[in-house]
Amino acid sequence: MNMTDKKLHSQRHSLAHIMATAIKRHWPDAKFGVGPVIDNGFYYDVDLGQNKLSTDDFPIIEKEMKRIISSNTPFDHFDLDIDSAIKWAEENRQPYKLELLNDLKRAGTTSASDIDSEELGLQSDGDSKVEEVSFYRNDDFTDLCRGPHVANTSEVGAFKLIRISGAYWRGKDTNPQMQRVYGAAFETKEKLNEYLQAVESAKKYDHRKLGQELDLFVISPLVGSGLPLFTPRGTVLRDELNRYSQEIRKKLGYQNVWTPHIAKQELYEVSGHWAKFGDEWLTVSSKETKDNLVLKPMNCPHHQQIYSSRPRSYRDLPIRYMETTTDYRDEKAGELIGLARVRSLTQDDSHTFCTPEQIDECISSLVGTVKEFYETLGMNLKARLSFRDESDKYLGDKDLWDKAQGILKNIVEKSGLEYYIGEGEAAFYGPKIDFMGSDVLGRELQLATPQLDFVQPERFGLKYTDEDGQEKTPVMIHFALMGSIERFLAAYIENSKGRFPVWLAPEQIRVITVNQEEETIRFANELKEKALEYNLRIEVDNSNESVGKKIRSSEIMKIPYTLVIGEKEISSGRVSPRIREDLKNGPDIELPKEDFIHKLAHESENRAKVSTLNE
RNA sequence: GCCGUUGUAGCUCAGUGGUAGAGCACUUCCAUGGUAAGGAAGGGGUCUCGGGUUCAAAUCCCGACAACGGCUCCA
């Protein structure tokens with residue numbers, strides 16, 4: 001953290017306490033959980049028992065906070081031994097703080113991962129014995145906390161309370177739910193307003209809004225929630241993205257396979273998925289068989305059945321299958337979000353079966369593929385190493401896990417990508433690299449993911465004959481490049497602001513006629529015929545509207561190239577394309593209509609990022 | 001699933017106890033228009049659904065469903 005970040009951090013952290021102070025003054029029975037600093041601000045978890053805070057209370061709380069701030073009170077800091085701290089929590093009827101302190105005393109270390117050491121006032125010296133915890137005191141309110149704080153309440157900068165939501169105590173859904181009050185906070189009023197405006201304007205690029213405006217997908221209540229339907233335009237995006245995803249993996253040796261959408265429950269009992277996820281699946285009933293059938297929620301077990309259908313030699317490995325196919329998961333109602341979380345998700349899935357020695361090379365090449373794909377689409381990714389934690393929800397040998405995690409970490413480090421470790425984020429069958437994109441509000445979305453799996457091949461009894469004649473179990477690498485097309489689109493539509501490059505644009509060219517004369521319409525239609533020969537996506541707008549209005553409509557639909565056709569173009573045979581602003585790569589240009597079509601066909605095939613008309 | 005907010009025309013929204021509104025979109029007509037909205041007329045809503053209160057409910061109350069913001073979960 002640099003100096004500015006440190007100061008901002010202290011300001012936000014101090015504001016959390018000031019907010020708690022303000023709440024305590026108006027609701028004396030308030031019980032407090034934790035109140036850490038987050039991106040753009042802070043929050044504090046509170047429990048008012050029967051009373052509930054609502055955003056209607058924000059003016060009261062903000063007013064009180066401002067009063068505290070202008071009171072110029074210093075942040076007073078002192079330490080207590082753990083037993084006195086526990087006594088403090090009891091006397092002040094702070095059961096949540098008491099629970100944390102008791103846990104701390106019992107554990108005797110700071111290693112408990114779900115405890116916010118800053119909030120708890122621990123001295124940050126790793127796993128050493130806790131003997132003392134820190135407090136801060138400000139006027140009439142005392143709280144357990146190490147800081148950092150600003151010296152005086154007047155130094156906290158600008159803030160605004162923005163949101164209130166439910167949050168389980170210590171993140172466990174079996175615990176009581178507290179209210180989480182969020183505030184935005186910045187050094188100055190200007191920066192705060194800048195942030196609030198940025199959030200407001202980001203909403204313009206929400207994929208749900210753009211999906212509606214650009215006519216990409218719809219959700220019909222009659223079909224069901226979390227079951228998006230894709231329009232012709234949206235389907236172009238899906239198909240083109242998938243074509244690219246498959247093309248790029250084909251180069252690595254992946255071959256297409258096809259598997260059905262329903263399967264026997266037994267398949268997933270063997271894979272291990274049923275025990276863990278069976279509750280969240282959609283079942284299928286048959287009058288013809290006694291089998292319990294399910295709509296497939298993933299594809300790995302199927303691909304393994306193809307692998308195991310014949311004897312394999314080490315000479316055959318790696319064997320690589322890919323399939324873009326829709327899976328169904330009965331996600332809980334409150335968990336659905338636009339296209340980012342749906343009940344019908346289309347994975348651009350693939351599975352590699354290889355020897356342990358081949359793991360490094362296989363995964364490294366996948367990481368390279370991820371970089372290439374996302375670079376082409378202009379999206380930034382962060383790598384998350386999703387590793388196991390100490391819980392018992394994972395299958396397979398712990399030593400093997402450690403080894404696998406080491407391999408993944410090594411690969412990511414070599415790749416030069418920014419990464420972080422997500423402890424407890426692993427799949428039950430193995431560790432993975434999750435490539436995280438973000439939506440327009442900066443929320444993380446899991447996109448591409450290579451995953452190592454020693455467990456399923458074992459459970460399915462997969463074998464290959466090694467060069468020493470021994471039968472061995474292959475390693476499986478799960479890999480999806482987009483993850484799911486739906487979630488990818490959620491991120492991509494927002495990242496691109498709906499301004500798709502020519503190769504992806506559902507409509508690449510719009511031809512606008514100046515009038516409705518017969519020869520104008522004929523010229524426009526000839527242009528269309530010609531473009532269609534080159535597989536370009538083109539529409540003619542010869543509606544009885546003004547030219548200005550038709551151009552506006554083309555702009556709103558974010559169409560890359562707009563051609564206005566009138567007397568001038570007909571007599572010269574040349575066109576002057578209007579190029580969407582973000583694609584412009586030079587001065588305005590006029591060229592023979594055939595050249596325009598040729599250049600565009602080329603631009604589309606080569607997945608160009610900007611217009612190539614000037615080249 | 002949990003906590004909270006919201007649900008009025010295809011879209012964006014106004015209307016807060018007294019027989020439902022605007023802009024855009026759509027249809028028709030007039031205007032033949034040259035790089036971001038030409039003019040006029042018209043059609044379109046059991047005010048999400050189901051109960052309740054009331055002489056009277058889009059409006060108040062309860063419930064369901066859905067969307068949204070979080071939490072939890074995410075193969």
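All chains are named by letter (A, B, ...) in the order of the sequence lines, taking the proteins before the strands, and each is independently numbered beginning at 1.
With sequence neighbours excluded, no residue forms a salt bridge (Lys or Arg N to Asp or Glu O under 4.0 Å) with A:D327. Scored by the salt bridge (Lys or Arg N to Asp or Glu O under 4.0 Å) test, A:E519 finds no partners at all (sequence neighbours excluded). For A:K568, the salt bridge (Lys or Arg N to Asp or Glu O under 4.0 Å) criterion is met by no residue, not counting sequence neighbours. Partners of A:K550 by salt bridge (Lys or Arg N to Asp or Glu O under 4.0 Å), not counting sequence neighbours: none found.
Applying the ring pair (Phe, Tyr, Trp, His ring centres under 6.0 Å) definition to pairs two or more places apart or across chains, none involves residues 538-559 of chain A. Listed by first and then second residue, the salt bridge (charged side-chain N to carboxylate O under 4.0 Å, His left out) pairs involving residues 331-348 of chain A are A:D330-A:R343, A:E331-A:R341, A:E335-A:R341 (not counting sequence neighbours). Here salt bridge (charged side-chain N to carboxylate O under 4.0 Å, His left out) pairs that include residues 440-454 of chain A, with residues two or more places apart or in two chains, are A:D439-A:R443. Sorted by first and then second residue, the pairs that involve residues 554-583 of chain A and meet ring pair (Phe, Tyr, Trp, His ring centres under 6.0 Å), not counting sequence neighbours, are A:Y561-A:F596.
For the segment residues 257-268 of chain A, no residue has any heavy atom less than 4.0 angstrom from an atom of RNA chain B.
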Indicate for each nucleotide in nucleotides 34-44 of chain B, in 5' to 3' sequence, whether protein heavy atoms under 4.0 Å reach the base (B), only the sugar-phosphate (S), or nothing (-). BBBBS------
Encode nucleotides 63-75 of chain B as B, S and - characters from 5' to 3', where the letter depends on protein heavy atoms closer than 4.0 Å: B to the base, S only to sugar-phosphate, - to neither. ---SSSBBBBBBB
Please write out the pairs of protein N or O atoms and N or O atoms of nucleotides 7-13 of chain B separated by less than 3.5 Å, giving the distance to one decimal.
none

